[in-house]
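Have a look at the structure below before the remarks.
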Amino acid sequence: MLDQLETLYKDAQQSLGSVVNANALETWENKYIGRKGEITNLLRSVGQLPADQRAAFGKRANEIKNDLTALFESRAETIRQHELAQSLEEGGIDVTLPGRSVPMGGIHPSNQTLREIYAIWADMGFQVFRTREVEDDETNFEMLNIPQHHPARDMWDTFHTTTPGVILRTHTSPGQIHSMRKFAPQPIRFVLPGMCYRYEQISTRKEIQFNQVEGIAVGTNIHLSDLKGTITAFAQRIFGADRKVRYRSSYFPFTEPSMEVDVECILCEGKGCSVCSYSGWLEIAGCGMIHPVVLRNGGYDPNVHSGFAFGMGPERITMLKHGIKDIRYFWGNDLRFLEQF
Ligand code: DAH
């Protein structure tokens, strides 16, 4: 049996020499030193030997097994290194290949317009002031000179909450009250942007949620000419330096006098087209001198202070600039629309 062991030892050493890959190595391991391998089997059969030979045989068999195990491990390492080198060579990176582009999100078209609006007003000294979307009836209407049964409330169909008197703001104008109350009697210049909500039949032109940008300037020496000069400067920066701007008399309960601002149609340059309903003009904002009642509600003395305010819709401005025909695209989350910006 000892001879058998030595022969096996030689065979194993020899055949290990020709093992060149991981598969063959595994076969070799199973054949000789694995749990059912030949060396292991011989070791197990030590009991069949006469008692006086067992110790010597066991000792030699263990030596051989340890030696083969060490040889096996060093062979395994050599093969691992070799296979690694080979796979690195085969899978070499071609640094001249163009990179794969990573899909990136974009800035929503409304936000792009909002940022443009903020930047222009910031140049004229107007800071952004944010106020709440969930508003009380009093600030949204009454403080702005729109009492309970005032017919102008029809202009703002309102979403009510389950708490009486708590509504979703129908416009950003209540921000006028919040900003005035915070700073009166100091002079202020703010733009108040944000979402507004109205209970409307959704159509190509009307959504139940939309952004507005309100503007407010209050001081001791502010006139209608300041309003016109400032809003004209804004309109020409956003729609083009030579763009004509006109002011049409209008009515809002919180301003007196009130006006609507039109710019020369940016598509037909005033000649008349379907976008401007063949009038040559596009309405872009409402504005006016802040009503004395509103100034007083904001904490200013209308005998000392005056101011102007305006309100505009960034979605409308975006639609005009890009020729978008349907406001529902804005909140439709359709990537085919959004990815165009
Ligand atoms: N709040 C008005 C609306 O939602 C817009 C507006 C008009 C705001 C005139 C103003 C203003 O500040 O002076 O229709």
Side-chain angles (χ1 to χ4, degrees), residues 114 117 121 124 126 128-133 135 137-147 150-159 167-181 188-200 205-219 222-232 234-235 245-263 282-295 297-298 300 302 305-317 327:
L114 280 167
I117 292 173
W121 286 107
M124 296 196 274
F126 286 71
V128 172
F129 187 98
R130 291 183 189 277
T131 65
R132 59 186 75 132
E133 290 177 25
E135 200 35 284
D137 186 283
E138 205 188 353
T139 320
N140 194 83
F141 294 119
E142 262 152 76
M143 289 290 134
L144 293 167
N145 202 28
I146 319 172
H150 196 291
R153 283 210 180 194
D154 288 352
M155 285 158 71
W156 295 281
D157 291 308
T158 311
F159 279 115
I167 61 164
L168 298 187
R169 67 176 173 195
T170 57
H171 51 176
T172 44
S173 301
Q176 291 188 27
I177 302 295
H178 293 298
S179 60
M180 286 193 285
R181 287 193 170 171
I188 55 168
R189 257 186 273 180
F190 290 123
V191 279
L192 313 151
M195 257 326 158
C196 302
Y197 304 87
R198 283 187 205 171
Y199 186 55
E200 302 254 28
R205 296 163 58 103
K206 284 187 172 163
E207 255 293 0
I208 57 171
Q209 69 170 81
F210 52 89
N211 282 288
Q212 276 193 345
V213 178
E214 191 86 9
I216 183 170
V218 181
I222 294 184
H223 305 283
L224 187 62
S225 52
D226 297 310
L227 177 164
K228 291 177 81 174
T230 315
I231 293 182
T232 301
F234 167 79
V245 181
R246 76 175 183 186
Y247 293 80
R248 258 182 310 113
S249 149
S250 183
Y251 171 73
F252 298 101
F254 32 86
T255 42
E256 180 58 38
S258 304
M259 287 164 292
E260 251 143 340
V261 189
D262 295 343
V263 293
L282 299 168
E283 181 193 321
I284 57 152
C287 64
M289 298 306 289
I290 300 171
H291 197 287
V293 168
V294 177
L295 276 176
N297 288 339
Y300 291 90
H305 294 96
S306 56
F308 66 79
F310 57 85
M312 60 182 77
E315 279 81 42
R316 182 168 159 75
I317 292 177
I327 197 171

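Counting starts at 1 for both ligands and their atoms, in listed order. Just so you know, these numbers use all the heavy atoms, side chains as well, and skip hydrogens, waters and symmetry mates.
- Using cut-offs of 30° and 60° for the angle between ring planes, the Trp121 and Phe310 rings count as parallel.
- Residue-ligand proximity: Phe308 is placed with every non-hydrogen atom at 4.0 Å or more from ligand 1.
- Aromatic ring centres of His171 and Phe252: separated by at least 6.0 Å.
- The shortest contact between atom 2 (C) of ligand 1 and any protein heavy atom is with Phe254 CZ, 3.9 Å.
- Using a 4.0 Å cut-off between heavy atoms, Ser173 contacts ligand 1 through its side chain alone, with no backbone atom that close.
- Rounding to the nearest 0.5 angstrom, the gap separating the CD atom in Glu214 from the OG atom in Ser179 is 9.0 Å.
- Under a 4.0 Å criterion applied to the non-hydrogen atoms of Gly286, ligand 1 contributes the atoms 7 (C), 9 (C), 11 (C).
- Separation of atoms CD1 (Ile231) and CD1 (Ile284) is listed at 8.0 Å; rounding is to 0.5 Å.
- For a threshold of 3.5 Å applied to N or O pairs, the pair formed by Thr170 and ligand 1 contains no separation below that value.
- Atoms of ligand 1 found under 4.0 Å from any heavy atom of Gln212 (numbered from 1 in listed order, with element): 3 (C), 4 (O).
- Here the protein heavy atom with the shortest distance to atom 5 (C) of ligand 1 is Gly311 CA, 4.2 Å.
- The aromatic rings of Tyr251 and His150 sit parallel to each other, their planes meeting at less than 30°, with 60° as the upper class boundary.
- Within ligand 1, the atoms closer than 4.0 Å to a non-hydrogen atom of Thr255 are 13 (O), numbered from 1 in the order shown.
- Pro174 is listed as a side-chain neighbour of Leu144, based on a closest heavy-atom distance under 4.5 Å.
- Residue Gln176 approaches ligand 1 through these ligand atoms, each under 4.0 Å from one of its heavy atoms: 12 (O).
- By the 4.0 Å heavy-atom criterion, Met312 is excluded from the residues contacting ligand 1.
- For the atom pair CZ (Phe254) and CD1 (Ile177), the distance works out to 10.5 Å, reported to the nearest 0.5 Å.
- Here the CG-CG distance, from Asp262 to Leu282, works out to 8.0 Å after rounding to the nearest 0.5 Å.
- The line from CD1 of Ile222 to CE of Met289 is 7.0 Å long, rounded to the nearest 0.5 Å.
- Taking every heavy atom of Ala309 and a limit of under 4.0 angstrom, the matching atoms of ligand 1 come to 12 (O), 13 (O).
- Counting atoms of ligand 1 from 1 in the listed order, those under 4.0 Å from a heavy atom of Gly288 are 13 (O).
- Looking from atom 12 (O) of ligand 1 to the surrounding protein, the closest heavy atom is Glu214 OE2, 2.6 Å.
- An N or O contact shorter than 3.5 Å is missing between Phe252 and ligand 1 by distance.
- Both cation-pi conditions hold for Arg153 and Phe141: the charged atom is under 6.0 angstrom from the six-membered ring centre and inside a 45 degree cone around its axis.
- At least one heavy atom of Arg198 sits under 4.0 Å from some atom of ligand 1.
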